[in-house]
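Have a look at the structure below before the remarks.
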Amino acid sequence: MTVRKVIDCLVNVHFGERDQPDWMLKVRDDYFKGPVSLYAQVDLAELLDEMDEQGVEKAILMYSMAKPSKTALKFVEARPHRFGLAINGVDLLHPIRSLRELDALVNDLPVAYTTAGPSFWGDGQYPPTDAVYYPLYYKCAELGLPLCMNTGIPGPPIPGEVQNPIYLDRVCFRFPELRLCMIHGADPWWDIAIRLLMKYENLRLMTSAWSPKRLPESLVHFMRTRGKQKVIFGSDWPVLRMRRVVPEALALDLPEDVLDNYLYNNAHEFFFGDRAVVD
């Protein structure tokens with residue numbers, strides 16, 4: 001197997017810090033068909049071994065403002081050149097205090113992006129076009145901080161319509177300065193997502209939580225042609241292990257330069273490049 005430089009843009013190390021709610025256990029058992037160890041405490045040495053084995057130069061660790069992950073902070077402190085953070089948990093209903101906290105975290109920690117999952121809060125009643133998101137959009141644009149939003153039908157038994165990527169059409173139009181990335185694919189709305197990627201320069205898509213060999217041919221064709229700079233790799237580790245998804249990515253029918261973009265260059269530019277801020 002050829003080892004290439006990889007950035008894994010979505011890694012979970014917090015699962016073992018607390019008991020998981022029933023719906024997370026149901027997702028593990030019924031949707032992912034995963035082992036009990038899926039939510040075990042993560043060992044830094046074992047994670048680094050897997051990263052080194054698969055050529056993963058850097059991993060972005062999920063970190064919640066609502067339930068801060070001691071493990072993520074410990075890993076970042078121990079290996080600052082190997083890890084960044086993705087901040088979730090912004091309180092969109094009480095944004096001022098929450099966004100001040102986000103601002104402070106961005107100043108103090110190696111934050112690569114922040115996240116919002118429309119299906120995962122507010123009982124799935126707020127699509128991304130709702131004004132409740134506008135303070136977050138403005139703050140991210142102001143900071144030059146990328147925002148990643150879940151798209152596609154979610155795994156848990158919660159409402160999924162609000163994660164139709166068509167909602168991002170208006171978001172990209174109204175906030176052209178916002179660096180926006182769809183995460184966890186866009187199933188079953190892949191074609192809508194691809195059309196939006198063609199249309200908006202500031203939009204990207206991350207294939208986190210998707211086995212590369214399961215990606216639709218329409219997306220792989222887009223990566224080979226008009227979307228060489230548009231699609232970003234992520235695993236959703238440990239739900240999908242790097243040992244599984246990196247070899248699957250290497251096996252895709254992609255030219256060498258496109259594969260390098262997918263695994264490394266696009267993430268490096270979008271999440272770690274110079275951040276142009278709004279004046």
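- Here the OG-CG distance, from Ser98 to Asp103, works out to 11.5 Å after rounding to the nearest 0.5 Å.
- The main-chain N or O of Gln229 is found under 3.5 Å from a side-chain atom of Arg204 such that the two form a donor-acceptor pair.
- Environment of NE2 in His81: crowded, with over 12 heavy atoms of neighbouring residues, nucleotides or ligands closer than 6.0 Å.
- With Trp237 as reference, Val42 is the one residue of Asn12, Leu10, Val42 to meet the side-chain contact (heavy atoms from CB on, under 4.5 Å) rule.
- A salt bridge is absent between Lys58 and Asp8: the closest approach of a Lys/Arg side-chain nitrogen to an acidic carboxylate oxygen does not fall below 4.0 angstrom.
- Between Tyr134 and Phe175, a ring centre-to-centre spacing shorter than 6.0 Å is recorded.
- Note that the CG atom of Asn261 and the CG atom of Asn266 stand 4.5 Å from one another [nearest 0.5 Å].
- Distance alone, capped at 3.5 Å, places no donor-acceptor pair between the Glu46 side chain and the Asp43 backbone.
- The hydrophobic clustering, which links ILVMFWY residues whose side-chain heavy atoms are closer than 4.5 Å, places Ile158 and Val162 apart.
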Kindly determine whether Val76 and Leu109 satisfy side-chain contact (heavy atoms from CB on, under 4.5 Å), including the steps that lead there. CA-CA 9 Å; Val76 166; Leu109 297 170; 5.5 Å; no
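- Of the residues Leu147, Val171, Ile166, Asn164, the one that meets the side-chain contact (heavy atoms from CB on, under 4.5 Å) test with Pro128 is Val171.
- In this structure, the side chains of Phe270 and Tyr113 stay at 4.5 Å or more apart for every pair of heavy atoms.
- Sparse packing is recorded around CZ of Arg100, with 12 or fewer heavy atoms of other residues, nucleotides or ligands lying under 6.0 Å away.
- Just one of Phe120, Trp121, Tyr133 meets the ring-ring contact (aromatic ring centres under 6.0 Å, His included) condition when paired with Tyr126; it is Trp121.
- More than 12 heavy atoms of other residues, nucleotides or ligands sit less than 6.0 Å from atom CZ of Arg174.
- Atom CG of Asn107 sits in a crowded spot, with more than 12 heavy atoms from other residues, nucleotides or ligands closer than 6.0 Å.
- Ion pair Glu201/Lys230 not flagged as a salt bridge, since none of the NZ, NE, NH1 or NH2 atoms sits closer than 4.0 Å to an Asp/Glu carboxylate oxygen.
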Item checked: side-chain hydrogen bond (donor to acceptor under 3.5 Å, both in side chains) between Thr71 and His14, intermediate numbers included -> CA-CA 6 Å; Thr71 304; His14 60 282; over 6 Å; no
- Task: Verify side-chain contact (heavy atoms from CB on, under 4.5 Å) between Leu254 and Met223, making sure each step is shown before the conclusion.
- Result: CA-CA 8 Å; Leu254 295 173; Met223 294 165 69; 3.8 Å; yes
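- Distance CG/Leu205 to CG/Leu219: 6.0 Å, rounded to 0.5 Å.
- The number of heavy-atom neighbours closer than 6.0 Å to CD1 of Ile96, taken from other residues, nucleotides and ligands shown, is 12 or below.
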- [ ] Using the salt bridge (charged side-chain N to carboxylate O under 4.0 Å, His left out) rule, take Arg243 and Glu248 through it: C-alpha gap first, then chi angles, then the decisive distance, then the call.
- [x] CA-CA 9 Å; Arg243 290 190 176 106; Glu248 288 186 5; over 6 Å; no
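- Here the CD1 atom belonging to Ile7 is positioned 10.0 Å from the CE atom belonging to Met51, to the nearest 0.5 angstrom.
- Of the possible donor and acceptor atoms, none in the side chain of Asp236 sits under 3.5 Å from a partner among the backbone N and O of Val239.
- Of the charged side-chain nitrogens involved, at least one lies within less than 4.0 Å of a carboxylate oxygen, so that Arg4 and Glu256 count as a salt-bridged pair.
- We find the CD1-OG distance between Ile153 and Ser119 to be 7.5 Å, quoted to the nearest 0.5 Å.
- Between the side chains of Thr151 and Gln163, not a single donor N or O lies within less than 3.5 Å of an accepting N or O.
- Screening Ile232, Asp257, Thr207 for a side-chain contact (heavy atoms from CB on, under 4.5 Å) with Tyr262, the sole residue that qualifies is Thr207.
- The aromatic rings of Phe272 and His268 are tilted relative to each other, their planes meeting at an angle between 30° and 60°.
- Legend: salt bridge (charged side-chain N to carboxylate O under 4.0 Å, His left out) pairs involving residues 70-83, not counting sequence neighbours, sorted by first then second residue: Asp52-Arg82.
- A donor-acceptor distance shorter than 3.5 angstrom exists from the side chain of Thr114 to the backbone of Ile87, with no hydrogens or angles considered.
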Carefully, step by step, assess Tyr167 and Asp130 under the rule side-chain hydrogen bond (donor to acceptor under 3.5 Å, both in side chains).
CA-CA 9 Å; Tyr167 287 113; Asp130 195 286; over 6 Å; no
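- Trp210 is linked by a ring pair (Phe, Tyr, Trp, His ring centres under 6.0 Å) to Trp190, counting only residues two or more places apart in sequence or in another chain.
- Between the side chain of Glu50 and the backbone N or O of Arg241 there is no donor-acceptor pair closer than 3.5 Å.
- In this structure, Met182 CE and Leu203 CG are separated by 4.0 Å, a value rounded to the nearest 0.5 Å.
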